[in-house]
Amino acid sequence: MNTNSNVYTVIYTTLICVIVAAVLAFASQSLKPRQDANEKAETIRQILTAAQFEFDASSNEAILGFYKSNIAEAFLVDADGQKTGTLDTKTAQIYGVSDLKAQNYNIKGEADYNLPVYIFKNGTTVLPVYGAGLWGPVWGYIALDSSCTQIAGAYFDHESETPGLGGKIKDDPEFRAQFAGKTVNTADEVPFHIVKGGAPAGQTNAIDAISGATMTSKGLDEAINIWLKAYANYAAAANNTTEEE
């Protein structure tokens with residue numbers, strides 16, 4: 001075959017494309033279990049960090065092992081606050097970011113939803129939140145006491161917020177530290193406030209927004225409040241149980 005002909009060029013290019021595509025597809029499939037394991041361990045690390053645990057985060061095995069040793073139960077609840085399913089704690093079954101994204105559509109679309117609840121042996125309850133920042137999704141975890149009224153801690157992450165500005169929801173420990181000790185009341189129209197310009201002195205359910213990151217702060221504020229309201233009936237039942245005890 002004439003290696004200088006157009007036919008040769010087309011055939012050669014096609015073969016190269018097919019081979020490269022096959023190699024990439026094989027690599028993707030081969031690495032997927034490892035990627036899934038890393039994503040799961042990272043999600044659990046965020047849950048544990050929100051709950052203010054000190055743990056060994058040097059490996060996926062260490063993170064999962066700590067979680068399994070400290071989780072009491074994990075389950076799903078609907079809009080009525082009723083349990084609709086369980087998450088297997090023996091295998092560290094969790095809801096990942098893609099699961100939260102799907103439930104966010106259901107919440108905002110007023111469709112049936114099933115939201116995860118993680119309860120640890122020390123009484124801390126962790127609830128996820130999910131929403132939109134300036135450039136992409138933002139999500140995170142709010143750790144509450146057993147009455148679901150006082151915040152023990154929080155952790156947030158994002159897909160593409162601006163480093164040094166909106167990215168501070170993840171990178172700035174001082175921003176996250178503001179949540180500890182604050183209160184929420186899911187019966188209120190707005191359970192929590194992230195306030196541009198600074199939270200009013202003495203307001204127990206508010207923190208300062210990130211300076212220079214108005215849209216990210218607004219998006220996170222909306223995510224927190226939409227999801228806390230979605231958990232309102234569950235939180236009310238948890239609070240009533242605590243008061244009875």
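For residues 43-57, the salt bridge (charged side-chain N to carboxylate O under 4.0 Å, His left out) pairs, not counting sequence neighbours, are Glu42-Arg45. Sorted by first and then second residue, the pairs that involve residues 209-219 and meet side-chain hydrogen bond (donor to acceptor under 3.5 Å, both in side chains), not counting sequence neighbours, are Glu161-Thr216. Listed by first and then second residue, the ring-ring contact (aromatic ring centres under 6.0 Å, His included) pairs that reach into residues 35-54 are Phe53-Phe66, Phe53-Phe120, sequence neighbours excluded. Listed by first and then second residue, the side-chain hydrogen bond (donor to acceptor under 3.5 Å, both in side chains) pairs involving residues 124-133 are Asn122-Thr124 (not counting sequence neighbours).
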Side-chain atoms of residues 173-181: list all donor-acceptor pairs with protein atoms under 3.5 Å, sequence neighbours left out, distances to 0.1 Å.
residue, atom, partner, partner atom, Å
Arg176, NH1, Lys170, O, 2.4
Gln178, OE1, Asp208, N, 2.9
Gln178, NE2, Asp208, O, 3.3

Only distances under 3.5 Å count here; give the side-chain donor-acceptor pairs of residues 76-89 to other protein atoms, sequence neighbours excluded, each with its distance to 0.1 Å.
residue, atom, partner, partner atom, Å
Asp78, OD1, Asp80, N, 3.0
Asp78, OD1, Gly81, N, 3.1
Asp78, OD1, Gln82, N, 2.9
Lys83, NZ, Glu73, OE1, 3.4
Thr84, OG1, Asn114, OD1, 2.6
Asp88, OD1, Lys90, N, 3.0
Asp88, OD2, Thr91, OG1, 3.4

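In this structure, OG1 on Thr186 lies 11.5 Å from OH on Tyr234, to the nearest 0.5 angstrom.
Considering only heavy atoms from C-beta on, Thr183 comes within 4.5 Å of Asn205 through its side chain. Inter-residue side-chain proximity for Ile44 and Leu64 is flagged as met; some heavy-atom pair is nearer than 4.5 Å. When side chains are defined from C-beta on, Ile107 counts as touching Leu115, because their heavy atoms get closer than 4.5 Å.
Residue Trp135 shares its hydrophobic cluster (ILVMFWY side chains chained together at separations under 4.5 Å) with Leu134, Met215.
Across all non-hydrogen atoms, the minimal contact from Tyr231 to Val117 is CE2-CG2, 3.8 Å. Taking every heavy atom of both residues into account, Leu127 and Pro116 meet most closely at CD2-O, 4.2 Å. Residues Ile119 and Ile71 share a closest heavy-atom pair of O-CD1, 3.3 Å.
The side-chain contact (heavy atoms from CB on, under 4.5 Å) test applied to Asp171 returns no partner, not counting sequence neighbours. Taking Ser59 as the reference, Glu61, Ala62 meet the side-chain contact (heavy atoms from CB on, under 4.5 Å) condition, with sequence neighbours excluded. Every residue two or more places apart in sequence or in another chain was checked for a side-chain contact (heavy atoms from CB on, under 4.5 Å) with Pro163, and none qualifies. For Glu159, there are no salt bridge (Lys or Arg N to Asp or Glu O under 4.0 Å) partners two or more places apart in sequence or in a different chain. Considering only residues two or more places apart in sequence or on other chains, Asn225 meets the side-chain contact (heavy atoms from CB on, under 4.5 Å) condition with Val190, Pro191, Phe192, Asp221.
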